[in-house]
Amino acid sequence: MSIGETEALRDEQRFVRDLHARLDVLRERAEAAVRDALRSAASGRQARVERDVVVAEQSGLLAAYEAGDRALCFGRLVFEDGRDHHIGRIGIREDDAERTPLVVDWRAEVARPFYLATGHTPMGLSRRRHLTTRGREVTALHDEILDLRDTTRSGHEGRDADAVLLAALDAARTGRMTDIVRTVQAEQDRVIRAPHQGVLVVEGGPGTGKTAVALHRAAYLLYAQRELLARRAVLVVGPNAAFLRYVGDVLPGLGETGVLLATVGELFPGVRATGTDSPEATEIKGRAAMADVLARFVREQQTVPPTREPLEIAHDDYGTLLLDRDTAEDARWDARSCGLPHNLARPRFATRVIDALTAQLADRIGADPYGGPNLLDASDIAQLGKEIAASDEVHAAIDELWPLLTPQQLVERFLDAPYGHLPDGEAEFLRREPGSPWTPADVPLLDEAAELLGEDDSAARAAAVRERAERVAYAQGVLDVSYASRTYEFEDEESEVLAAHDVVDAERFAERHEEDDHRTAAERAAADRTWAFGHVIVDEAQELSAMAWRLLMRRVPTRSMTLVGDPAQTGDPAGCGSWREILAPYVGDRYEHVTLGVNYRTPAEVMEAAAEARRAEEPGFRPPRSVRSTGVPPWETVTDDLPAAVAEAVARETRDEGRLAVIAPAAHLPALAAALPGAAHGPDPDLTRPVVLLEPRQAKGLEFDTVVVADPDAIRAAGPHGANDLYVASTRATQRLGSVRLRPA
């Protein structure tokens, strides 16, 4: 029996309209709760905390509601047993007391058949419906019949089960990645919902959806492990700022905002890595051996007087003190043997030096001229020790022999004089003047230096103790006044506890009035180098250096990680390119490896051309299988004037909708930018512009309707990973690919 196409659309339109009406009510409630909380004149710590909790919770709900408003409902499952569920971005109930939701969150277990069911394995489904919406209007339905015994027909049954997927793939790009929650495929769903433990490696060629899968996995884990990950946060690491901007809307669009997106160069708080290294310097800095080089360099900062002549230390009251080499070496050995990092071992070195100088001074001024015992008693010697310890000259000598260093100071010292620590040819690539901008490859070195140095927080702890004592003293004063007056007619924030002064001591009173940190976990993590994340996702993982992996592994001691990438696309000079090489030092072979083998982005014509170019370097190379064909073969132009030919190609290929990228070697970018005045370019280009100019490594993880590769021969010839860079550049296109070659001289 057919219920008619129009009636089916009307039914779904009524449902979607009612669903959005319910969402509007929930949004209005959340907005009102935030307004009321912010307007409330909260007095007392408990009231302030409750207010801040309400604001945080309701603001989070608002973010989810705003995200859910886009394509709020996109699917429907009709089961053989009569169950019927709509599937959407977020779960929404008719009433909080209702157990059955109006729409089921796509991450819920009951929603899995939407992604996994097939005619062979229907998972209890009778029918699966895809809803296409524009705003709040249902524009199309697509039904898949999974139980052939079901004779009901809606008029929206389609022969092509992939129609929804292909429509999404053919849509024009906007310069921002969109989520794939409507079109997640079975192999992708298995990765997204993989058990939350250990390291999961997701390998896949261009267009296999690795990035989308990784981001949807982050959303799924935040749903499935909400309590843990809300406290510890999820870190998503991307290859560059343009990429992070490109994917930045995906997780908010799925209702998740508790995620920190960063490049490796942004993972050392207080440092902005704006400089650029040569490929040689990048490769050298990224080597695992740099950890040992820095460790040796730290030991070299722990010095002793250079000759047998003692170090002379002036003292205002007692003349010159002498610190000989043997004494300094004994102090250094003792400090090193404690096993603490450099800065934390420094007080031990200083104590040994001060004790030695105190003994020297006691012998000088307390010696009995007749050969008897020293005339100074223990209290006299202790006083001398205090005076020595307070001497600026003594501290200057200690600083000279065992300086207190920041990571920035240590790495800057090393880069100023790397000779002797590396072969001269390599050292020359690293040498740079103090004060030069930090580069992304410096950040793992800074992180390593922070571990080697340790943070001497004794001054901060002492300040905290003093501040605490002051709060307690203030609290005690308030309680004393309260007790003396026996009046509770206070209108300030202390009034809530004054009535209970008999049972609240000053310590507890001070604790109750300490301000809490109400930043989100992601915000706190961004400011804390030692933060341990609940889960870390690394995109383009093959690009990270061995030193970058040392940094990241410190951020996730549980090794709960999802790594996505493709060794065949390795372009960074320091990139590891091998999963075993990356992971063996940290987890051995205890990781799961899965491969995505279907290319959803790149048409077959483009993929075959890119693969053929790769086979020139690797004859047995096999690319992922493309699911679609456009019938448009890649074109090629040969020219003597590259900028003019590229400008002509861009004018010809630019469409009313979609995005075009020109990908060229860095050396050509200035001339091409002049020939393409409307193109976005630079370190962090605006990818929403119709035309974007990029070098190959900037294009990693991105996609465009049309790609024009300028001087592909120069890209291939540019270093040991040139063939990989050309492969990356050629596979960014979702529709059309062209190449502009320079005519051989």
Q: Quick one: pull up OG1 in T734 and CZ in R659 and give me the separation to the nearest 0.5 Å.
A: 11.5 Å
Q: Tell me whether the count of non-hydrogen atoms from other residues, nucleotides or ligands lying under 6.0 Å of CZ in R245 goes above 12.
A: no
Q: So does E12 pair up with R129, basic N to acidic O under 4.0 Å?
A: yes
Q: Are the aromatic rings of F114 and H130 close, with centres under 6.0 Å apart?
A: yes
Q: What pairs meet the salt bridge (Lys or Arg N to Asp or Glu O under 4.0 Å) rule with one or both residues in residues 108-124, with sequence neighbours excluded?
A: R112-D189
Q: When the side chains of residues 579-588 are checked against the rest of the protein, which donor-acceptor pairs come out under 3.5 Å, sequence neighbours left out?
A:
| residue | atom | partner | partner atom | Å |
| --- | --- | --- | --- | --- |
| W579 | NE1 | E203 | OE1 | 2.8 |
| Y586 | OH | R550 | N | 3.4 |

Q: Return yes when atom CD of E187 has more than 12 non-hydrogen atoms of other residues, nucleotides or ligands closer than 6.0 Å, and no otherwise.
A: yes
Q: Quick check: does any side chain N or O of N599 sit under 3.5 Å from a backbone N or O of P206, one acting as donor and the other as acceptor?
A: yes
Q: Report the C-alpha distance between Q225 and H535 in whole Å, list the side-chain angles of each, state the deciding distance to 0.1 Å, and finish with yes or no for side-chain hydrogen bond (donor to acceptor under 3.5 Å, both in side chains).
A: CA-CA 10 Å; Q225 303 286 335; H535 192 80; over 6 Å; no
Q: Checking R217 against Y220: charged group under 6.0 Å from the ring centre and within 45 degrees of the axis?
A: no
Q: Not counting sequence neighbours, which residues clear side-chain contact (heavy atoms from CB on, under 4.5 Å) with A664? List them please.
A: H668, L669, L672, A710
Q: Got a sec, which residues hit side-chain contact (heavy atoms from CB on, under 4.5 Å) with E653, two or more places apart in sequence or on another chain?
A: W635, R655, L660, T706, R736
Q: Partners of V728 by side-chain contact (heavy atoms from CB on, under 4.5 Å), sequence neighbours excluded?
A: Q569, K700, R732
Q: Are any of the side-chain heavy atoms of Q188 and I180 separated by less than 4.5 Å?
A: yes
Q: List the atom pairs, donor and acceptor, that lie under 3.5 Å between side-chain atoms in residues 618-627 and the rest of the protein, sequence neighbours left out.
A:
| residue | atom | partner | partner atom | Å |
| --- | --- | --- | --- | --- |
| E618 | OE1 | R614 | NH2 | 2.7 |
| S626 | OG | T602 | O | 2.8 |

Q: Is it true that D572 and R697 make a salt bridge, defined as a side-chain N closer than 4.0 Å to a carboxylate O?
A: no
Q: For V594, run the side-chain contact (heavy atoms from CB on, under 4.5 Å) check against V564, L200, V201 and tell me which one passes.
A: L200
